[in-house]
Amino acid sequence: MRLFGYPLPGMSSLILWGLLWEIVGRLDLTFFLPPLTEVVSTLFAVIGTPAFLKALTETAYAFFAGVFFAVAIGIPTGILMGKSRLLDELLLPWVNMFLSAPLTALVPVLMVLFGFGMKAIIITTTLFAIWIIILNSRAGVLQINRSLVEMARSYGATPLDAFFKIYFWAALPEILGGVRIGVIRAVKGVIIGQLLISIVGFGALFELYANNFLMAHFWAVLVVLFALAFTISEFLAYLERRVSYYAAKR
Amino acid sequence: MAMSQISDAPRPIREPAPENAVVARNVSKHYGPVEALRDLTLEFPRGQLTSLLGPSGCGKTTLLKIIAGLLEPTSGEILVNGEQVTGPGPDRAFVFQDFALLPWANVMRNVAFGLELRGVARSEREAIAERYIRDVGLAGFEDSYPHQLSGGMRQRVGLARALSVDAQVLLMDEPFSAVDEQTRRKFQEDLLALVENENKTFIFVTHSIEEAVYVSDQIAILLPRPSRVSEIIRPSGIRGKGADNIRRDPEYLDIVDRIWASLRSYVE
Ligand SMILES: Nc1ncnc2c1ncn2[C@@H]1O[C@H](COP(=O)(O)OP(=O)(O)O)[C@@H](O)[C@H]1O
Ligand SMILES: [Mg+2]
């Protein structure tokens, strides 16, 4: 973006939106939206409190555990689907269905199955993230240059060699793309899970703030969450760019 | 080169190795309703370069992949050193038409990849790879990635990879078809030197008559599908005349003409 011919640093439009927020907040139109400055000062006040740190650790735990399972199960499943016609025909309809399904509706079922705790939240997170990871890994494998696979076979690669030395790397650009979208979905999953179950992590915190009309606190926590999600997504986009040099030339 | 294939361990007494490194016996191959090869029989003498020459789509790649063990013949068999081929093996190395390099790996790792798959320790395989990288004229490019190299250089990487596993049989599928004309000529000269210096059997697929006559000890002319060998030509007179003189040799020109005469009826 440019202003009067000067290039502006990335995301400087955020300043404009921040200003707008501040003005609307100061107009006192609704208790729901306190001024940005108030939110920011609350943010710094809240960020060190035990309640916040507890919520953060619990959320981080659920998030990373959920993402871990989504990645550890999703990538191999997707690669195997790309390699095996049979597996693909068996699983693809389910993957497509779950990818577009309103998973939020499943959370109550998960609560019944796995209890009102961490386990249900982790599984919710995994369920939000895993489908796109599977689908992208599969797409990555499907576009592999056949002669790379033949090359590996002709030099005596075992199926395991082929998996780790060819399929994984050749599909890596797509896999990372899938993981990035999956992680963004996992953020949704972990928050939605916590909101519905609402006795751990930020779910509990939101519940507390909302019930007590602590809107500045509410927004402060939200800003933190948005910033965290954005940072993670940007980091993965950076990894994706690092492998993009060969994405077009496989 | 030949020494490295002799191991220190006492070897069981064996019959002398057969004269033909590779034999294709009554090989047929169907792709569903498409009959690519029909009852093809062909012998590949040890230490020589045999070209498979024929129009596009006549089954040259199919035959080469069957020899490599990458495809199974519908019927018939391939013998390498008298033993039936059931799959890929360390006695054969493949050079691919589209190079088949790992785009995420540098030249060093690509060249050493065959050895890596065979479980050779890193320092050892890199020492071997380094030697072949130098032999094919890529010294200094060890850390380059395939997308930074020209087509000709990429195929040199593919060649170095095939050489460094020290297989007795080199299978080359139109290795020079994706490189420019000048590079191609240089490659052909290098290939002649390679056949002379390395004690290996080369099976070389091409659709260029001139190229086949220039590099081959034996040319098998394949006819369009379903493919079988229509003629075997041995341009023996022009071998050993030196790379520079072959293209001016009357016998060279004669053979090119003769092959063209027998192939022209299949080209509309
Ligand atoms: N995987 C395949 N499935 C079906 N037909 C094939 C396949 N591979 C090759 N063919 C057919 O077999 C014939 C021989 O192919 P190929 O061996 O690649 O010929 P060449 O290398 O001489 O150009 C062609 O007609 C081609 O269309
Ligand atoms: Mg071919």
Side-chain angles (χ1 to χ4, degrees), chain A residues 71 75-76 78-79 82-86 136-180 236-250, chain B residues 61-62 64-72 85 87-106 109-120 125 144-149 151 154 157-158 161-167 169-175 178:
Chain A
V71 166
I75 294 178
I79 293 181
K83 286 176 69 170
S84 149
R85 232 356 234 296
L86 180 72
N136 260 40
S137 308
R138 170 183 177 275
V141 168
L142 286 182
Q143 57 74 48
I144 286 182
N145 180 355
R146 292 301 309 164
S147 71
L148 275 191
V149 177
E150 284 188 334
M151 184 276 290
R153 271 190 65 208
S154 79
Y155 285 102
T158 62
L160 216 61
D161 281 334
F163 190 95
F164 285 110
K165 295 185 183 211
I166 305 289
Y167 285 98
F168 176 78
W169 287 95
L172 192 58
E174 280 82 7
I175 290 178
L176 279 179
V179 170
R180 185 168 55 83
L236 285 164
Y238 161 78
L239 286 186
E240 227 180 311
R241 281 194 296 276
R242 295 226 15 199
V243 298
S244 69
Y245 70 90
Y246 71 75
K249 306 179 183 73
R250 280 163 291 172
Chain B
T61 300
T62 302
L64 207 63
K65 285 188 177 163
I66 290 175
I67 296 173
L70 292 169
L71 286 177
E72 271 195 47
V85 164
D91 47 5
R92 284 151 289 148
F94 207 107
V95 178
F96 290 82
Q97 184 170 10
D98 62 355
F99 320 134
L101 303 181
L102 308 176
W104 54 87
N106 61 16
R109 174 144 189 253
N110 265 297
V111 173
F113 192 66
L115 296 166
E116 181 181 334
L117 289 175
R118 284 174 197 184
V120 178
R125 67 178 188 246
S144 303
Y145 284 81
H147 68 274
Q148 299 167 320
L149 305 177
R154 284 183 218 176
V157 177
R161 177 177 61 197
L163 290 173
S164 56
V165 295
D166 201 19
V169 181
L170 241 60
L171 307 166
M172 310 174 92
D173 189 7
E174 302 199 28

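Everything numeric here is computed off the predicted structure, so don't read it as measured data. So that the names make sense, note that chain A is the first sequence line, chain B the second, and so on, each numbered from 1.
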State whether the number of non-hydrogen atoms from other residues, nucleotides or ligands found under 6.0 Å of B:E72 atom CD is greater than 12.
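It does not: B:E72 CD has 12 such atoms or fewer within range.
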Got a sec: does the CZ of B:R118 have more than 12 other heavy atoms crowding it under 6.0 Å?
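Atom CZ in B:R118 is crowded, with more than 12 foreign heavy atoms closer than 6.0 Å.
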Considering all heavy atoms, the nearest [X]-[Y] contact:
X: A:L148; Y: B:P103; result: CD1-CD, 4.2 Å
X: A:A152; Y: B:L117; result: O-CD1, 3.7 Å
X: B:D98; Y: A:S147; result: OD2-OG, 2.8 Å

Using non-hydrogen atoms and a 4.5 Å limit, figure out which bit of B:Y145 sits close to chain A: side chain, backbone, both or neither.
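The answer is the side chain of B:Y145.
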Donor-acceptor pair, distance only, cut-off 3.5 Å: does the side chain of A:Y155 make one with the backbone of B:F94?
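Side chain of A:Y155 to backbone of B:F94: a pair is present.
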Check whether any side-chain heavy atom of B:F113 lies under 4.5 Å from a side-chain heavy atom of A:I166, and answer yes or no.
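Yes, their side chains come closer than 4.5 Å.
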Quick one: are B:L102 and A:K165 in side-chain contact, heavy atoms under 4.5 Å?
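In short, these two side chains do not touch, never coming nearer than 4.5 Å.
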